[in-house]
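As the structure lists them, so they are numbered: ligands from 1, and atoms in each ligand from 1. Both backbone and side-chain heavy atoms feed into the values below; hydrogens, waters and symmetry mates do not.
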Amino acid sequence: MRTEPGLALRLHFEAVSMLCRVYVDGVAVGQNDCGYTPFWCEVPPSDKAEREVCVLVDNRFDFERNPLHEQFFDFYLWGGIIRSVWAHEVRSTFIEAAQVTVLDVDAGKVSVDVRVSGQVPETIQITCDEGEAQSFTYAPGQPIELAIPGARAWSPDSPHLHVLRIEAGEDDFVTRIGLRTITTHKQQILLNGEPLKLLGFNRHESHPQFGPSQPYALMVADLQRLREMGCNFVRGSHYPQDQRFLDLCDELGFLVWEEGLGWGQREKQLTCPKFKAAHERMMRAMVAASFNHPSVIMWGFLNEAGTNEDYCTDIFAETVALLRELDPTRPITYASMFALEDKFYDLVDIISHNLYPGWYGCEDVEKPLELIVPHIRKCLKHIDSAGQADKPYILSEIGVEGLYGWRDALDGFFTEDYQAAYLKIVCEEVMANERITGCALWHFSDARTYAGGRALMRPRAFNNKGVLDEYRRPKKACHTIKETWGKVSP
Ligand code: ADA
């Protein structure tokens, strides 16, 4: 890496999976164990113009050293530098972050919380879009309030973005924002006061050719495909998403559930101090990175943890409190696999269930498709009677395996036909049932997983519940969804 001699650097990694140490010119400058999450390292100045960056990456599973990652996850954890890396030259003042909170959409009023290190400037300049720079007195910890000239709201139908350029001393920082509010009221999720019906998919960052490192064109094509199927919603399963994907969602008006890395952890992990500390670091990094994206409308954490058990009490309460402190503007949820036994609904704003009626445990059921709707309704009835009737409800996962090209005379399990018939029933119920605020089908495209103990349920070592295969070839269900959601949704 070539740099100006005598300047300190800030190396910013968007994600390194799973565990890494960073060295510059042979000296350790940082380490990280949060996988799909951004982090940075401070690099002291040097006289050299050419600096050697060496990243040691370790993707062995080892709970003691690397507690957030587990081989029992149902998705493959690739090893390596999986997202972009930036080197910032650090001058007398460095802008660490500028978090923008919308105060009033119509008046275009926002508050900008600028955090600097190094020399603290007396004033900060902020330029909105193509306008003139405005100068503000700067006091650390005191957000600056301003009104954006020519303010326009952001919404899925009209995803207008404003660009803010912040200058402090010798540094500058550019961020894009969308003027929108997101709240919950009774069973609804409201964007700028208007109720949303969330229709979409879970999506893994996974491709046989590129692994987890998504080319831009692939992300665009995926979002176009989602739009064709009438979707407005993506659950970024099961880790913080690539910032470039969130940028695209901002531009195209998609709504995103952004969540931390997690899959099925139980007592061993959830009560371990080292796990909890790493989980907290990850949550902080996720919120810091994704705060300004208007597309991100809710935070999630710890997919399918053991929420039928008391050992979750501390980590769930602490994580929700942390998320509320870091971002009081977005609702919080988590995807529960214990719909009828979950103990932590009271903590969150939106109730979310992962349900697989008509799939797991149905080998001997004669008409498994008939189980779907009654089970969804039973779960809804349960949450309403468990004191959660005033909260929105998201069906955060539902789906079945369909192997690309697989047919049989009986439209049996694993055929494209069973999957299509199944998802048609789900999509129709989601549209017809007003109690369902949103749905993220499981899932967008087939994704690589481990061929361990679960291998018999995961032919090819893929989770084959995608409506597209891993190369994005559409299965029958893709057309079915277009015919249902695609017909009603803009
Ligand atoms: C869970 C989990 C998903 C996937 C799914 C399945 O609900 O959250 O990641 O494993 O089940 O396919 O069974």
*Taking atom 4 (C) of ligand 1 as the reference point, the nearest protein heavy atom with its distance*: Asp74 OD2, 3.4 Å
*Numbering the atoms of ligand 1 from 1, which are under 4.0 Å from a heavy atom of Asn303?*
2 (C), 8 (O)
*With backbone taken as N, CA, C and O and side chain as the heavy atoms from C-beta onward, which portion of Phe75 lies under 4.0 Å from ligand 1: side chain, backbone, both, or neither?*
neither
_Proximity to ligand 1 by part of Asn202, non-hydrogen separation under 4.0 Å_ = neither
_Candidate with minimal heavy-atom separation from atom 8 (O) of ligand 1, of His204, Glu397, His353, Met337_ = Glu397
*Spell out, as yes or no, whether a donor-acceptor pair under 3.5 Å connects the side chain of Glu96 to the backbone of Arg115.*
no
*Considering the options Phe444, Phe462, Tyr239, which one meets the ring-ring contact (aromatic ring centres under 6.0 Å, His included) requirement together with His204?*
Tyr239
_Nearest protein heavy atom with distance in Å, relative to atom 12 (O) of ligand 1_ = Lys465 NZ, 2.5 Å
_Among Arg460, Lys475, Arg448, the one residue meeting salt bridge (Lys or Arg N to Asp or Glu O under 4.0 Å) with Glu470_ = Arg460
*Single hit among Thr333, Asn202, Asn354, Asn303 for side chain to side chain donor-acceptor pair (under 3.5 Å) with Ser396*: Asn354
*Atom indices of ligand 1, in the order listed, that fall short of 4.0 Å to a heavy atom of His238*: 3 (C), 8 (O), 9 (O)
*Would you check if Arg176 and Asn292 make a side-chain contact, meaning some heavy-atom pair closer than 4.5 Å?*
no
*Say whether, by atom type as modelled, one donor and one acceptor occur between the side chain of Trp154 and the main chain of Asp250 under 3.5 angstrom.*
yes
*Side chain, backbone, both or neither: His443 near ligand 1, heavy atoms under 4.0 Å*: neither
_Given His353, which partner from the list Tyr345, Phe338, Tyr334 fulfils the ring-ring contact (aromatic ring centres under 6.0 Å, His included) test?_
Tyr345
*Counting heavy atoms only, name the option from Tyr356, Tyr360, Trp359 that's nearest to atom 13 (O) of ligand 1.*
Tyr360
*So, does Glu401 use its side chain to make a donor-acceptor pair with the main chain of Asn463 at under 3.5 Å?*
no
*Using a heavy-atom cut-off of under 4.0 Å, does the side chain or the backbone of Glu401 touch ligand 1, or both, or neither?*
neither
*Find all atoms of ligand 1 within a distance of less than 4.0 Å from any non-hydrogen atom belonging to Trp263, and give their numbers and elements.*
2 (C), 3 (C), 8 (O), 9 (O), 10 (O)
